[in-house]
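Inspection log for the structure reproduced underneath, given as structure tokens.
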Amino acid sequence: MELELEPLRLPSDNERPFVIAGPCSAETEEQVMTTAKELASYGCHMFRAGIWKPRTKPGGFEGNGEKALPWMQQVKRETKMKVATEVATPEHVELAMKYDVDILWVGARTSANPFAMQALADAMKGLDVPVLVKNPVNPDLELWIGALERINQAGVKRLGAIHRGFSSYDKKIYRNLPMWQIPIELHRRIPELPIINDPSHIGGRRELIAPLCQQAMDLGFEGLIVESHCDPDKAWSDAKQQVTPDVLDYILSLLVVRDETVTTEGISQLRKQIDELDNQLMDLLAKRMRVCREIGQYKKEHNMTVLQTARYNEILEKRGAQGALCGMDAHFVAKVFEGIHEESVRQQVEIINK
């Protein structure tokens with residue numbers, strides 16, 4: 001289905017994307033107000049704080065709940081910023097509306113659960129409030145779109161998506177793998193849907209926030225949601241991924257925001273070259289698959305298994321090294337040939353089973 005959307009109209013200035021900033025958790029009234037006033041002094045228009053905090057394991061700080069919502073009201077009164085928080089249950093929605101929260105977002109654990117999403121959608125019927133939906137913890141675009149559709153079907157038309165990366169057992173650089181191709185595909189499928197980047201949760205470390213913010217801008221994301229705390233090292237949750245308001249202001253001041261409206265005439269000839277090269281690639285792949293089908297016929301006639309592991313490993317190692325010599329990432333080249341091999345195996349299995 002197509003989403004029925006209206007513009008979010010979130011405040012920003014001409015030089016920066018719109019930014020939602022504030023601490024991971026609303027810990028104390030003093031901490032909330034100190035952080036909010038510092039952010040407001042740097043021109044921030046939207047304040048975020050976790051009222052209810054789902055933790056991976058029990059025993060950690062899980063938020064102050066309703067007790068912290070009057071602090072958000074105080075932020076609105078004293079700084080004139082809009083306020084945002086995460087909701088995960090119908091009760092959260094009801095309380096957020098009771099205390100005049102301006103923007104709601106749905107977390108990654110919730111968006112991964114269609115039952116929870118439907119319960120939230122039912123609770124949001126009749127509300128005129130912007131809702132931002134984070135990607136599910138697992139890299140599943142259809143699940144992400146399904147979560148957005150459920151909220152939209154409840155009558156919420158001011159929708160946005162938050163890209164916070166995807167959980168992985170093998171954590172190297174990032175807390176959550178960016179997998180940029182997924183939000184890029186979301187934008188291709190629903191171009192009118194604003195996508196906001198969450199560098200705090202992708203990076204998991206404050207030194208990664210700046211480069212992730214810039215990468216999001218380079219890819220055309222419309223805004224950022226960043227965790228900022230008046231004293232990050234003493235934060236009660238996710239201390240390593242929060243920055244002070246002055247550091248956030250410095251990061252934002254260095255951002256280069258690309259202009260999507262500039263004419264593309266200057267690169268039209270280069271794009272024609274890309275199209276021609278893509279045509280050549282498709283022609284070469286088609287020829288390669290024809291040879292693979294001939295190999296499949298040979299394997300059938302000689303009662304051989306389709307998968308030849310030694311040969312597969314040889315291809316990956318050889319092409320990965322060749323890619324590195326050509327200035328390409330070896331992992332990228334390996335992924336390309338994994339896909340080619342998968343299609344080759346599929347076609348050979350089809351021939352053997354005829």
Side-chain angles (χ1 to χ4, degrees), residues 112 135-146 161 163 165-174 176-191 195 202 215-216 218-221 264-354:
N135 62 259
V137 290
N138 47 313
D140 188 333
L141 178 58
E142 298 305 323
L143 195 58
W144 196 1
I145 293 175
H163 169 235
F166 301 90
S167 295
S168 170
Y169 178 76
D170 184 21
K171 299 181 190 299
K172 294 182 179 178
I173 298 175
Y174 302 108
N176 295 303
L177 297 178
M179 300 183 74
W180 298 102
Q181 70 273 19
I182 294 179
I184 288 171
E185 175 62 13
L186 177 64
H187 179 67
R188 188 191 70 81
R189 303 251 301 257
I190 316 175
I195 304 180
I202 292 176
Q215 190 161 2
D218 293 345
L219 292 171
F221 281 60
T264 59
E265 288 181 12
I267 59 172
S268 60
Q269 291 302 316
L270 293 173
R271 284 177 170 170
K272 287 180 181 178
Q273 291 183 43
I274 290 290
D275 289 340
E276 180 58 32
L277 290 168
D278 285 345
N279 289 335
Q280 293 177 30
L281 276 174
M282 291 301 296
D283 185 53
L284 285 170
L285 281 173
K287 291 177 181 177
R288 190 185 194 282
M289 291 304 162
R290 282 198 291 272
V291 175
C292 286
R293 288 193 292 273
E294 290 179 18
I295 292 173
Q297 186 63 40
Y298 182 90
K299 288 176 180 177
K300 180 178 181 178
E301 293 170 359
H302 293 80
N303 199 30
M304 296 172 63
T305 60
V306 169
L307 185 61
Q308 303 287 316
T309 305
R311 169 63 176 160
Y312 180 42
N313 289 336
E314 178 190 348
I315 290 173
L316 291 184
E317 290 175 9
K318 184 184 295 183
R319 299 309 172 206
Q322 187 179 9
L325 290 173
C326 294
M328 291 180 283
D329 182 74
H331 179 68
F332 158 73
V333 175
K335 291 284 287 185
V336 169
F337 277 89
E338 283 173 10
I340 292 172
H341 182 262
E342 182 179 341
E343 176 61 15
S344 300
V345 168
R346 188 194 67 78
Q347 294 202 19
Q348 290 185 19
V349 166
E350 196 174 82
I351 288 171
I352 284 179
N353 289 326
K354 278 184 179 179

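All heavy atoms count here, side chains included; hydrogens, waters and symmetry mates do not.
When atom types are taken as modelled, the side chain of N135 and the backbone of G165 share a donor-acceptor pair closer than 3.5 angstrom. Side chain of N138 to backbone of D140: no donor-acceptor contact under 3.5 angstrom is found. Within the 3.5 Å criterion, the main-chain N or O of V306 finds a donor-acceptor partner in the side chain of K299.
To the nearest 0.5 Å, the span separating CD on E276 from CD on Q280 amounts to 5.0 Å. Here K335 contributes atom NZ and I340 contributes atom CD1; the two are 13.0 Å apart, rounded to the nearest 0.5 Å. Annotation: the span from H187 atom NE2 to I184 atom CD1 amounts to 9.5 Å, rounded to 0.5 Å. Here I145 contributes atom CD1 and E185 contributes atom CD; the two are 7.5 Å apart, rounded to the nearest 0.5 Å. Note: L141 CG to R188 CZ = 9.5 Å, rounded to the nearest 0.5 Å. Separating the NZ atom in K354 from the CD atom in Q297 is a distance of 8.5 Å, to the nearest 0.5 Å.
Heavy atoms of other residues, nucleotides or ligands lying less than 6.0 angstrom from CG of D275 number more than 12. By the neighbour-count criterion of 12 heavy atoms within 6.0 Å, atom CD of Q181 is densely surrounded, having more than that number from other residues, nucleotides or ligands.
H302 and Y298 have parallel rings, their planes meeting at less than 30° on a 0 to 90° scale where 60° marks the start of perpendicular.
Electrostatic pairing of E294 and R290 does not count as a salt bridge here, judged by no charged N lying under 4.0 Å from a carboxylate O. Comment: E343 does not engage R288 in a salt bridge, judged by the lack of any side-chain N to carboxylate O separation of less than 4.0 angstrom. Taking the charged nitrogens against the carboxylate oxygens, D283 and K287 do have a contact shorter than 4.0 Å, which makes a salt bridge.
Considering all non-hydrogen atoms of both residues, I352 and G296 come closest at CG1-O, 3.9 Å. Taking both residues in full, the closest heavy atoms of S168 and L177 are given as CB-CD1, 3.6 Å, listed atom of the first, atom of the second, then distance. When all heavy atoms of I202 and Y174 are compared, the pair lying nearest together is O-CB, 3.3 Å. Shortest non-hydrogen contact noted between E338 and L316 is CG-CD2, 4.0 Å.
By the 4.5 Å heavy-atom criterion applied to side chains, L281 and L277 are not counted as neighbours. Contact annotation: the side chain of H163 approaches that of W180 to within less than 4.5 Å [non-hydrogen atoms, C-beta and beyond]. Annotation: side chain of Q347 is not in contact with side chain of C292 (no heavy-atom distance under 4.5 Å). Two residues are said to be in side-chain contact when any heavy atoms from C-beta on lie closer than 4.5 Å; Q348 and I295 meet this criterion. Contact of the V345 side chain with the Y312 side chain is not registered, since no non-hydrogen atoms from C-beta on lie closer than 4.5 Å.
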